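Notes follow once the structure below has been shown.
As the structure is a prediction and not an experimental result, all values here were calculated from the model. Order of the sequence lines fixes the chain letters, A, B, ..., with proteins taken first and strands second; residue numbering starts at 1 for each chain.
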Amino acid sequence: SPMQSSPVQIVGVAPSQKVFYENSDGYFTCKDYSFTFPFSHVNDDFCDCPDGSDEPSTAACPNGEFYCINSAFRPKTIPSRLVNDGFCDCCDGTDEYKSPSGLLCENTCVEKGRQEIDRLKKYEIIHQEGYRQKLEFIELAVHKRVEKNEELVILKDEIENASDEMYKAELAKNDAEELANEAKERHKEIAEALKQEALQNKISGVFNEIDTNGDTLVSTEELKTRSELDTNGDGVADEAELRVLFGEELEGGVTDQEFTKHWGEYQAVNRAFQRKQDEIIHAIKQGKETRVPKLQSANGNDQEAEENSESDDEPFEDEAPPPSDSEEINIEFDAETNALIATADQTRRLYDDAKRVHDDIQGKIAEINKFLTLDLGNDHEFYPISEKCFSRDDREYTYELCPFNKVVQRPKSGGRETSLGVWGEWENTEHKHEAMMYNKGERCWNGPERNTKVIVLCGSSSELISVDEPDRCQYLFYFRTPAGCKESLAESRLHRHDEL
Amino acid sequence: VDKGNFKTCSQSNFCQRNRNLPEGEPRYHVFPSSVTPEPDKGILSFHIKDNNGVTLFAVLQTLQQGILRFSLKEFHPVPTHERFSPSEFSLDNEPTKLPFKVLSQSDTQIYIQNGEIQAQIEFSPFQLSALREGQPFVVINKRNLMNFEPFMSKDDWNASGVDVEGTWEENFKSHRDSNPFGPSSIGIDVRFLGAKHLYGLPEHSDGLSLSDTKSDGGDPYRLYNLDVFEYEVNNRMALYGAVPLVYSIGANGSNGFFWLNAAETWVDVQKVSDGGDSVVGSLLNSVFNSGGSSYIDTHWMSETGLLDFFILPGPTPSSVSEQYSQLTGVTPLPALWSLGYHQCRWNYKDQEDVAQVDANLEANLIPYDAIWLDIEHTDGKKYFTWDANKFPDSIAMLDKLAERNHKLVVIIDPHIKREDNYRIYKELKERGYLVKSSDGSSDYEGACWPGGSSWPDFLSQEVRQYWSECYLVENYSGSTSNLHVWNDMNEPSVFTGPEVTMHKDAVHMGGWEHRDIHNLYGLLVTLGTYEGLLMRSKHQERPFILTRSVFPGSQRYSAVWTGDNEASWGHLKIVVPMVLQMGLGGIPFVGSDVGGFFKHPSPELLVRWYQVGAYSPFFRQHAHIDTPRREPWLFGEDNLRIIRDAITDRYQLLPYWYTLFYLHTQSGAPVVRPLWYEFPEDYNTWDMYEQAMVGSAIMISPVTEIGQASQEVYFPDEDSIWYDKKSFVRFTGGETRSVSTPLDKIPVFLRGGSVIPFRMRVRRSSNPNPDDPFTLYVVLDGKQEASGCLYWDDGHSFSYKDGNYLIREFSYKNGEFSSAAGATSGGFSTKSWIERILVIGLKGKPIKVALSSSGDELFTKWDLDSKTLEIRKPVENIKTDVKIRFSF
């Protein structure tokens, strides 16, 4: 063969895998059984197997793996691309057996092993203390829940009574209100009738005023004298103008009844006339030379119109309040109605009091239920920290985490605090209760709402150990607490970089 | 973009003056008696008189490869102000003048010969034609739009009766340009005979073929280096860079025109058709013969400066790029690592963040070569400093990266914070090294990232020297040789200035106004940086610099990126044409911000952008500070895998990319090129810009549309055969075929007839093990032949200049593969070998593959599905000459 590169000694193989690399018959079969070829192709720095199994010691296969024994420390499997790349990836240095720059790796496994043992010892202590406290936390939670459940029993009793009281009060209130309302209704009918009568009287008054000859008919002649009906302002209310107003009924005179029918139109014309008068008066006040026809108002309220525009400085008011047909008729309730209203008020107050008592209890129940259903861990171990807040300073800000409530940021220089999120939920990770999400904080300028993820680690005390903003307005906290400890050290997450 | 912040031609007084000149009115005439040919010197000089009796002095030079250079200035000494020429900075060296022959001379014209090219000057009116075999291909001043406004006093100008409004003083928004020397604009019209398309004029976010600027009522192409916030695509507005160079293509092949001027410039393009594509078709048969009646008119207008241009005769696209590179130089061999993947963000916050990103890239098996720090790494945007809270031990960080062959690139911008206890500001100020305001004495002041800032006067060699020394490790505390440089905002960007740049009446050394040199400023910054990085390594290491602003000559110092783009499909689509445009402009090392700078890309857009980035010369992910993090592992396992595949493609092809950059140093050829550059005779390619060639062997047709399940790909050149890079499916040239494009598919095709070098082993970065082997793809054409080459060296030093490099020429012909030393191969020593040769396109399976010399048989594997032959471990050392015989 033109390339006689001798196979390197077999390194990078896990003890359990060594059996694959025993040359029994001069041939090698890939672990995935895809190919069989002469054993000389094993570790000859050429990748023959799609699964990379023929090159455990070299970097020839893109998907290859290299196993470092790392005696005195932990074994490690690294991608074979790191073999002989000029950097010591294994503490025993076996991955750089032919380093390009002649690099020699020191064996650091003993030292690393020692550090690891120290670290584990330290962690063991933290974990033991943490777990001991966690059990206390659980106990506290159990007591609290018993307490709350007892409270709940009492409150449920109380709310039954309160409900009864409220119900009774409501019935009394409803009865009294019904009576009072009926009385008011009666009163309203009477008042309405009186109002109608007053209006009719007013219309009749105007009718009689126009009907100068008192023949109970308003004739064309009589109407022509009314300057307010001169809609085009030519000085006289002519027949055409009157016809627009009264139609065919003008023929032979308008009766009281017909006049009432056209009262609406009449009022509209009258209002338009009034507005025009006001304009003229205003114009005069502005000092303009305007020929003013002699005025005569149906209501005779020239005076008032003049008074309406008292000041020269004030802009002319276009929208004078329209004269109202419904003269306000205030008729006081009679004594009987007043008594019924007073009773209704009294029963309502009693009902309100009863309801307040009831709602109060209901609120307490809801609060307890919220507490009891809040996910404070499998054994409610997070209960003690749910009643506290934890803060941490960086250069500019103080950050505060109030578990199951909120996260805020306060400038150290003083000034307004910013919400970084309110309690949302536990992140749905493989093991629950490892990360908390606080959402819907204050919106960033030109950005999203702030939110905070709190990674929970095991610790011997509760402490916010780091705050970070890896993405703009997305905060990441590391929080250490006994509640985060698991029964075994192996399962407890103690270090913030464990997740890498 | 807020277009109101930037001038239109109608808001630019000189643009209006020139654009409104009447066509066809003779204004300039040559004095027949002044015509002085000096054939031996390659210089022909003469006087031109304008209608007002002003005499101008013109020089025509005959240069190498038939290049013609024409320059024009006032004959009489200018009383107030000289005309600036950027030649000293843009031209690589003084062009070689070649002797010419006078073919004929009369009272009306002179006709000379320069190699294969003739030049004819008609005297009245003045007109200059460039001809090949007696057929003109470029005509200057055909439309009499030539304009040369001689400097004059304000009184004289007023007396001339020309409108004064905006000529001596110009206002734009709240800014006033005092323009103390008055109007001095220049212009010329250039006709490209037989041309169907024009290309060039970087930098614009536009398709590749220049559009007709007159027919759509829009503005001319504008060349005025500006920091355009949130720029739009498909637009002729100015951008960060300016290269006043065009290529034509059509009946006369390809010709070029290079307008050497650093002032604000506008270019009108007008296409005059000869009546449709049928004629183009018939022209194809005689593409290098004249006779086409279509032509393209251009009109070049600059605010001031020397009137100085070059006619590049071509006649092929590659000869135009070669001619241009002979004038302005090439990008020297980049450090191999700089061709790898770059991980950037505004901003990796602190040392811890850098360590985490590094660790995550490694954990996710993503190779990379450099991690980048944007402006927030500094102490208060004072460059050459560190934020001591965030980067308390930058040297430890740099060293830790270096251990695993990773680099750090930091931003160094040219605006200098005006803070007296900032050493660099203090020294620049005390030594008078800052650009002066219009009064000529006080330092020019404006706002940029640090707030109140001033700008070093990079026009001065002394100032550049000072700037260079800032990079020395002993002067730049907290730095090591593992730190490389990014010069941004060098248009220069001035937040408070007119059009977000420096006032034109600011004053540089020697009394030059900023208006004279504006487009050159960015180049000058990188020149100072380049010298500094060379000094830092005692001329041992190749500098890496990324710049945003460019000008002719910038390619000699820096890579460039397409600036602050946006995470949108439209911006992804414009990447390839912008990369092509820049490459044609002589600047091959270019790429876009992967993912888009502004806004947040969808995972699909990000993945597709990686696929474009992996096949762009410069490959960097970058993001605005307001966007969510977008490192590759944040989008789920599938997207991570596809992104990793794209980056892996890049790393495996690095030997090919590196060879292309070497070839660029030899010929100036762009690394990524338009199809028409490679196939000028295939007119189907003339208007294409979404497909591109990476070198001459690989064609890319990246997906740039949302949810695109398949796309139409044109395979150029009916004599060619193409193969899918992954599946080796075969395609025939001259056809358009639909190719399926699921998200993990990058449409990349190998051109039959090529040998392409790969390194299949992907490591942590580009070169942690220099002994790693190569793989060769031998891609056969219809004649069962292929050829290609590999350039290789140590990847980082200048020792290649002492012969420490190798060039391997590979070929397959008559059933034999050969690897031989190239003609100029040097003495680079390496243990690297060839682990695999993959032969693609064999007509059948050979019965035997053996070394020709010894007859020793080689171990091969025939893949029935793809009909490819893999030869296992054929060559022990890449330097070994070898022949391999295939028997059928």
### Query
So which of A:Ala60, A:Cys47, A:Ser99, A:Cys444 has the largest heavy-atom pair count under 4.5 angstrom toward chain B?
A:Ala60
### Query
Should we count NZ of A:Lys122 as having more than 12 external heavy atoms under 6.0 Å?
no
### Over 12 non-hydrogen atoms of neighbours within 6.0 angstrom of NZ in B:Lys831
no
### Task
Determine the option with the most heavy-atom pairs under 4.5 angstrom with chain A, choosing from B:Leu365, B:Asp353, B:Asp771.
B:Leu365
### Query
When only pairs under 4.5 Å are counted, which of B:Glu362, B:Lys349, B:Lys861, B:Arg345 shares the most heavy-atom pairs with chain A?
B:Lys349
Given heavy-atom pairs under 4.5 angstrom as the criterion, report whether the side chain, backbone, both or neither of [X] touches chain B.
X: A:Asp89; answer: side chain
X: A:Ser101; answer: neither
X: A:Pro79; answer: side chain

Is there side-chain contact between [X] and [Y], with heavy atoms separated by less than 4.5 Å?
X: A:His41; Y: B:Arg872; result: yes
X: B:Gln356; Y: A:Pro470; result: no
X: B:Glu352; Y: A:Asp468; result: no

### Query
Okay, side chain of B:Asn769, backbone of A:Asn84: is any donor-acceptor separation there less than 3.5 Å?
yes
### Query
Any donor and acceptor pair, going by atom type alone, linking the side chain of B:Lys873 with main-chain N or O of A:Asp45 inside 3.5 Å?
no
### Query
Salt bridge between B:Arg630 and A:Asp471, side-chain N to carboxylate O under 4.0 Å?
no
### Query
Checking salt bridge (Lys or Arg N to Asp or Glu O under 4.0 Å) against A:Asp85, which of B:Arg761, B:Arg763, B:Arg404, B:Arg764 comes through?
B:Arg764
### Task
Check whether B:Asn405 gets within reach of chain A through its side chain, its backbone, both or neither, counting any heavy atom under 4.5 Å.
side chain
### Task
Under 4.5 Å heavy-atom distance to chain A, tell me which part of B:Thr627 shows up: side chain, backbone, both or neither.
backbone
### Task
Could you walk me through whether A:Arg472 and B:Arg629 pass the side-chain contact (heavy atoms from CB on, under 4.5 Å) test, one step at a time?
CA-CA 8 Å; A:Arg472 207 168 75 94; B:Arg629 295 290 278 243; over 6 Å; no
### Summary
When rounded to the nearest 0.5 Å, the distance separating CZ of A:Phe46 from CZ of B:Phe859 is 9.0 Å
### Query
What pair of heavy atoms forms the shortest contact from A:Pro100 to B:Pro768, and how long is it?
CG-O, 3.3 Å
